[in-house]
Amino acid sequence: INDIKKLLNLMGVSYIHIDGEAEAIASELCRIGYVDYVATEDMDSLTFGCPRLIRNCIDRTIKSTDSISIFKLDNLLNDLEINYEQFIELCILCGCDYCENIPRIGNITAYKIIKKYKSISNYLNTNPKNIPEDYEKKYLKSKELFKMYHNNINIEELKINNSELNIDELLDYLINYCNLSEIRVKNSIKKIQLKYTN
């Protein structure tokens, strides 16, 4: 993290560093309109409430490096015909970092369950088989975690780290500290300088 922060400082790129779950924080900043999009490969961002997610490489048939995928949470919810609360439950039922899966329930079955029962709690009340121990407790905690930053970030207290592009130090850092090829670094720096001047 410190290496990335140093690199951003030397490149003159502004950043925010808050202790916590990066995708959850970025998703909340987007949800409240502080940023326009979140660029990540982590689809959990949608579950954290990110309204607009930019992701690259989702469609392996597209060979162009210029291609990206944009997900809009409202469109997704509309197409699935569920609300955001149900979407969180669907994601938990499909499997997430915070709660183990229920055996024999894949994505399609999870969707059918949410459409029929509206929540995991309602489904659990039907006494299904193969429910892992403490599943309901873990699922409810998972749901809390997906909403942990909702309305809990004070924009006025955000510390934005700003800096100016420093070519000499950037060259030194990349070549001597990171041991990157001098030719490649200089070619990349030229591209950065062109972007700054255009």
Side-chain angles (χ1 to χ4, degrees), residues 1-2 4-5 7-9 11-59 62 66-101 105 107-108 110-124 135-163:
I1 290 170
N2 288 332
I4 291 169
K5 285 163 68 174
L7 185 60
L8 293 173
N9 280 325
M11 291 176 68
V13 176
S14 299
Y15 66 88
I16 297 167
H17 182 200
I18 305 171
D19 288 331
E21 177 74 41
E23 274 76 21
I25 294 165
S27 296
E28 179 63 4
L29 291 174
C30 190
R31 195 182 74 81
I32 63 176
Y34 190 74
V35 298
D36 295 324
Y37 292 86
V38 173
T40 179
E41 293 299 303
D42 192 341
M43 295 297 282
D44 272 0
S45 297
L46 293 169
T47 320
F48 285 118
C50 177
R52 291 170 301 281
L53 169 68
I54 296 175
R55 190 173 188 220
N56 197 356
C57 307
I58 191 92
D59 187 347
I62 298 172
D66 296 335
S67 179
I68 60 169
S69 299
I70 298 176
F71 296 85
K72 293 185 177 177
L73 183 58
D74 283 346
N75 292 356
L76 186 61
L77 297 177
N78 194 41
D79 289 348
L80 292 172
E81 298 178 331
I82 58 176
N83 61 37
Y84 174 59
E85 294 290 325
Q86 292 167 333
F87 179 71
I88 294 174
E89 303 234 352
L90 172 62
C91 293
I92 293 168
L93 205 50
C94 287
C96 70
D97 294 341
Y98 310 118
C99 185
E100 61 194 295
N101 287 31
I105 293 184
N107 299 344
I108 293 170
Y111 178 65
K112 287 178 180 175
I113 288 169
I114 295 302
K115 287 294 286 179
K116 181 176 180 179
Y117 296 101
K118 309 300 181 203
S119 74
I120 295 173
S121 289
N122 290 343
Y123 171 67
L124 294 176
Y135 182 83
E136 186 163 20
K137 182 179 168 185
K138 290 175 186 173
Y139 128 70
L140 290 170
K141 183 64 178 172
S142 300
K143 197 169 173 183
E144 271 179 48
L145 291 170
F146 279 120
K147 295 175 80 177
M148 68 180 141
Y149 289 107
H150 284 211
N151 302 314
N152 284 324
I153 295 178
N154 184 346
I155 297 301
E156 303 300 320
E157 294 176 3
L158 279 182
K159 183 182 177 221
I160 300 173
N161 298 279
N162 296 307
S163 62

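Index from 1, following the sequence. Note that this is a predicted model, so its numbers are computed, not measured.
The two atoms that bring S121 and L140 nearest to each other are OG-CD2, 4.4 Å, heavy atoms only. Pairing each heavy atom of N152 with each of E28, the nearest pair is N-OE2, 4.4 Å. When every heavy atom of L73 is checked against every heavy atom of C50, the shortest pair comes out as CB-O, 3.5 Å. Between S14 and I160 the shortest heavy-atom distance is CB-CG2, 4.2 Å. Taking all atoms of both residues into account, the shortest heavy-atom contact from G95 to N101 is CA-OD1, 3.0 Å. Heavy-atom minimum distance, M43 versus L53: SD-CD2, 3.8 Å.
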Report all side-chain donor-acceptor pairs from residues 18-26 shorter than 3.5 Å, counting only partners two or more places apart or in another chain.
unit_1	atom_1	unit_2	atom_2	d
E23	OE2	T40	OG1	3.2

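Atom CD of residue E85 and atom CG of residue L77 lie 10.5 Å apart, to the nearest 0.5 angstrom. The distance from atom CG of N9 to atom CG of N162, rounded to the nearest 0.5 Å, is 9.5 Å. L93 contributes atom CG, which lies 11.0 Å from atom OG of S142 (distance to the nearest 0.5 angstrom). A distance of 6.0 Å separates CD1 of I32 from CD1 of I153, quoted to the nearest 0.5 Å. The NZ atom of K118 sits 9.0 Å away from the CG atom of N83 when rounded to the nearest 0.5 Å.
Checking side-chain atoms of N78 against main-chain N and O of D74 turns up no donor-acceptor pair under 3.5 Å. The main-chain N or O of I70 is never found under 3.5 Å from a side-chain atom of R52 such that the two would form a donor-acceptor pair. Side chain of S27 to main chain of S45: a donor-acceptor pair is present (N/O by atom type, distance under 3.5 Å, no hydrogens or angles). Y111 contributes a side-chain N or O that, together with a main-chain N or O of L80, makes up a donor-acceptor pair within less than 3.5 Å. For the pair D44 (side chain) and T47 (backbone), a donor-acceptor distance under 3.5 Å is absent. Side-chain N or O atoms of E41 include none that pairs as donor or acceptor with a backbone N or O of R55 at under 3.5 Å.
In this structure, the ring pair (Phe, Tyr, Trp, His ring centres under 6.0 Å) partners of Y123, at least two apart in sequence or on a different chain, are Y117. Scanning for side-chain hydrogen bond (donor to acceptor under 3.5 Å, both in side chains) contacts around E89 gives Y139, K143, with sequence neighbours left out. Taking Y34 as the reference, nothing meets the ring pair (Phe, Tyr, Trp, His ring centres under 6.0 Å) condition, with sequence neighbours excluded. In this structure, the side-chain hydrogen bond (donor to acceptor under 3.5 Å, both in side chains) partners of K138, at least two apart in sequence or on a different chain, are E100. Considering only residues two or more places apart in sequence or on other chains, H150 meets the ring pair (Phe, Tyr, Trp, His ring centres under 6.0 Å) condition with Y84.
In this structure the side chain of N161 never reaches within 4.5 angstrom of the side chain of L8, judged on heavy atoms. Contact check for C96 versus F146: side-chain heavy atoms found under the 4.5 Å cut-off. Taking the side chain as every heavy atom from C-beta outward, L158 and L29 approach each other to under 4.5 Å. In this structure, L76 and D79 have side chains that are not in contact, with every pair of non-hydrogen atoms separated by 4.5 Å or more. Within the 4.5 Å cutoff, side-chain heavy atoms of I114 are placed close to those of I120. R31 has its side chain out of reach of F48: every pair of non-hydrogen atoms, C-beta onward, lies at least 4.5 Å apart.
More than 12 heavy atoms of other shown residues, nucleotides or ligands fall within 6.0 angstrom of atom NZ in K115. Heavy atoms from other residues, nucleotides or ligands lying under 6.0 Å from CD1 of I108 number 12 at most.
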The test is side chain to side chain contact (heavy atoms under 4.5 Å, CB included); show your working for N122 and K116 and say whether it passes. CA-CA 9 Å; N122 290 343; K116 181 176 180 179; over 6 Å; no
